[in-house]
Amino acid sequence: MPELPEVEVVRRGLSRWTVGSTVRAADVLHPRPVRRHVAGPEDFAVRLVGARVREVARRGKFLWVVLDGVAAEDDLPGAERPGAEGAALVVHLGMSGQILFQPPDAAPERHLRVRLQLDGGPPERAGRELRFVDQRMFGGLTLAALVPTADALPAGIGTASAALPFPVAHIARDALDPHLDLADLVRRMRRRRTGVKRALLDQTLVSGVGNIYADEALWRARLHYDRQTGTISPAALRGLLGHVGDVMTEALAAGGTSFDALYVNVNGESGYFDRTLAAYGREGLPCPRCGTPIRREAFMNRSSYRCPRCQRPPRRPREVLRSSVA
DNA sequence: CCCGGATCCTGCTGGC
DNA sequence: TGCCAGCAGGATCCGG
């Protein structure tokens with residue numbers, strides 16, 4: 001389940017393998033992963049051929065490959081926006097997406113969806129092809145124009161440009177972005193009339209946080225997932241966001257220590273970092289802080305893990321009281 | 001505009 | 001042994 005740290009590991013691998021290379025051929029084996037490319041799989045493949053990789057950037061869980069020489073850039077989504085310039089291949093891993101580099105004659109993976117043949121680039125990487133493998137196909141690839149952001153700061157990690165791909169333009173700066181405006185984020189979170197975990201998972205407030213790291217940060221902050229954001233002090237919210245950054249930084253370091261930075265195990269065990277998790281996936285196991293068994297609860301059509309002692313439910317879990325009285 | 005629930009996908013697991 | 005419900009969970013869409 002790729003969240004920010006896993007996606008950043010993939011970004012670094014992609015960058016090392018592809019910067020400077022040119023797409024010789026593109027092959028879409030299943031239409032679904034390119035569904036966001038409204039012009040269709042054929043258009044997607046045709047336009048990529050001849051494109052050259054300039055850099056690989058990331059914001060939250062979105063990756064994009066900045067490309068030179070994409071045919072008919074003026075037709076790409078977002079190209080009509082004022083100041084739009086250039087093109088990018090946008091990659092989202094969804095739940096089960098992987099980027100792999102393989103010899104072209106290697107047996108196709110069971111869930112191989114898209115393959116790109118590359119020419120040039122780093123000499124020691126020559127001859128490999130890029131493969132997008134995705135079992136559940138929640139993720140995908142698309143081509144889009146780069147559009148200006150509201151300010152002149154770099155748009156994301158790995159880019160010096162202030163432009164974002166059109167489909168990424170609504171995504172907030174992520175928890176590890178040095179240009180994240182923490183005070184503004186705290187203000188916006190407190191204005192929301194919703195639970196704190198919902199707010200953490202809202203990619204338009206702060207991006208990159210998924211179910212695992214949300215639960216871990218809430219455990220560290222001793223907060224229940226359903227605490228209304230407006231009832232949490234600014235200092236406590238800053239503390240929570242500090243834990244979000246810490247847990248992701250630690251996870252990224254653990255991913256970086258593994259043998260092959262390109263391999264992210266998204267279907268099986270999380271690998272190195274999962275031994276460090278305090279709450280997520282630990283139903284019935286003792287809380288590392290107080291020993292109380294961790295509880296799993298259904299929340300937002302998924303699971304939340306918390307310590308029932310360290311993370312007490314709010315006194316007024318919802319706003320139901322107010323509306324029913326009124 | 002804001003909020004929250006439904007939806008899309010496939011494969012695995014566990015209960016009966 | 002087979003069948004089916006439940007679960008995994010990203011982003012997006014849509015109704016209130």
Side-chain angles (χ1 to χ4, degrees), chain A residues 1-11 29-38 58-64 77 90-99 109-114 132-142 144 164-172 174-175 187-216 225-230 248 264-271 274 277 279-284 295-305 317-320 322-324 326:
Chain A
M1 43 223 85
E3 301 181 29
L4 188 154
E6 294 74 30
V7 178
E8 174 61 14
V9 169
V10 171
R11 186 196 70 80
L29 292 96
H30 195 297
R32 182 156 179 87
V34 297
R35 68 194 177 282
R36 297 280 163 206
H37 192 82
V38 290
R58 179 190 58 74
R59 174 177 277 197
K61 303 169 198 168
F62 281 86
L63 284 169
W64 63 96
V90 180
V91 180
H92 199 289
L93 301 176
M95 158 60 187
S96 53
Q98 294 177 318
I99 299 276
E109 291 75 10
R110 182 171 179 193
H111 304 293
L112 177 60
R113 308 303 188 190
V114 178
F132 182 72
V133 177
D134 191 1
Q135 178 207 118
R136 295 176 62 190
M137 297 185 290
F138 277 32
L141 312 173
T142 190
L164 287 169
F166 182 63
V168 188
H170 65 294
I171 299 294
D174 64 57
R187 276 192 298 272
R188 293 172 61 215
M189 284 183 78
R190 295 188 82 245
R191 279 204 294 267
R192 290 288 174 100
R193 308 183 67 80
T194 192
V196 62
K197 182 169 176 180
R198 256 178 226 282
L200 282 181
L201 295 178
D202 184 341
Q203 308 293 303
T204 67
L205 281 171
V206 59
S207 67
V209 187
N211 206 34
I212 295 173
Y213 298 116
D215 278 3
E216 291 302 295
Y225 54 78
D226 217 13
R227 268 287 293 277
Q228 297 294 295
T229 56
M248 288 190 161
V264 178
N265 186 354
V266 291
N267 272 337
E269 289 70 35
S270 348
D274 72 336
L277 296 176
Y280 187 85
R282 291 176 43 85
E283 182 179 19
R295 192 175 291 172
R296 182 178 79 86
E297 287 161 356
F299 179 73
M300 287 178 76
N301 275 334
R302 61 194 74 185
S303 293
S304 271
Y305 297 87
R318 295 187 190 89
E319 301 288 321
V320 177
R322 174 186 310 202
S323 53
S324 61

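In what follows, chains carry the letters A, B, and so on, assigned in the order in which the sequence lines appear, proteins first and then strands, with residues in each chain numbered from 1.
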J.: Have a look at Gly139(A) and say if it touches a base, only the backbone sugar-phosphate, or nothing, with a 4.0 Å heavy-atom cut-off.
T.: nothing
J.: Within the sub-3.5 Å range, which N or O atoms of nucleotides 11-13 of chain C have a protein N or O partner, and how far apart are they?
T.:
residue, atom, partner, partner atom, Å
dA11(C), OP1, His92(A), NE2, 3.3
dA11(C), OP2, Lys61(A), NZ, 3.4
dT12(C), OP2, His170(A), NE2, 3.0

J.: Give the rounded distance in Å between these two atoms: OH of Tyr213(A) and C1' of dG10(C).
T.: 15 Å
J.: Select base, sugar-phosphate, or nothing to describe what Arg110(A) touches, counting heavy atoms under 4.0 Å on all strands.
T.: sugar-phosphate
J.: Who are the side-chain contact (heavy atoms from CB on, under 4.5 Å) partners of Arg191(A), not counting sequence neighbours?
T.: Arg187(A), Arg188(A)
J.: According to side-chain hydrogen bond (donor to acceptor under 3.5 Å, both in side chains), who are the partners of Lys61(A), at least two apart in sequence or on a separate chain?
T.: none
J.: So does Ile171(A) get a backbone contact from the side chain of Arg59(A), meaning a donor-acceptor N/O pair under 3.5 Å?
T.: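 Present.
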J.: What is the distance, rounded to the nearest whole Å, between atom NE2 of His111(A) and atom C1' of dA8(C)?
T.: 14 Å
J.: Below 4.0 Å from chain A heavy atoms, what is the first contacting nucleotide of DNA chain B and what is the last?
T.: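 Using the under 4.0 Å cut-off, the span is dC3(B) to dG11(B).
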J.: Write down the distance between CE (Met300(A)) and C1' (dA8(C)), rounded to a whole number of angstrom.
T.: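 Spelled out: CE on Met300(A) to C1' on dA8(C) is 15 Å.
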J.: Just to verify, what does Glu283(A) make a side-chain contact (heavy atoms from CB on, under 4.5 Å) with, not counting sequence neighbours?
T.: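 Testing Glu283(A) for side-chain contact (heavy atoms from CB on, under 4.5 Å), a comparison that skips the adjacent residues, returns Arg296(A), Tyr305(A).
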J.: Taking only residues two or more places apart in sequence or in another chain, which ones pass salt bridge (Lys or Arg N to Asp or Glu O under 4.0 Å) with Glu8(A)?
T.: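 With neighbours one apart ignored, the set is Arg11(A), Arg12(A), Arg58(A).
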J.: Look only at the side chain of Thr142(A) and the backbone of Val90(A), and say whether a donor-acceptor pair between them is shorter than 3.5 Å.
T.: no
J.: Nearest heavy atom decides the nucleotide; on that basis, is Asn301(A) or Thr194(A) closer to the 5' end of DNA chain B?
T.: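 Whichever sits nearer the 5' end wins; that is Thr194(A).
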J.: Rounded to whole angstroms, how far apart are CD1 on Ile212(A) and P on dC7(C)?
T.: 17 Å
J.: Which residue is it: Lys197(A), Glu3(A), Glu216(A)? I am looking for the one with a side chain to side chain donor-acceptor pair (under 3.5 Å) to Asn211(A).
T.: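 Looking at Lys197(A), Glu3(A), Glu216(A), the match for Asn211(A) under the side chain to side chain donor-acceptor pair (under 3.5 Å) is Lys197(A).
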J.: On the 0 to 90° scale, with breaks at 30° and 60°, tag the Phe62(A)-His92(A) ring pair as parallel, tilted or perpendicular.
T.: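 Ring orientation of Phe62(A) relative to His92(A): perpendicular.
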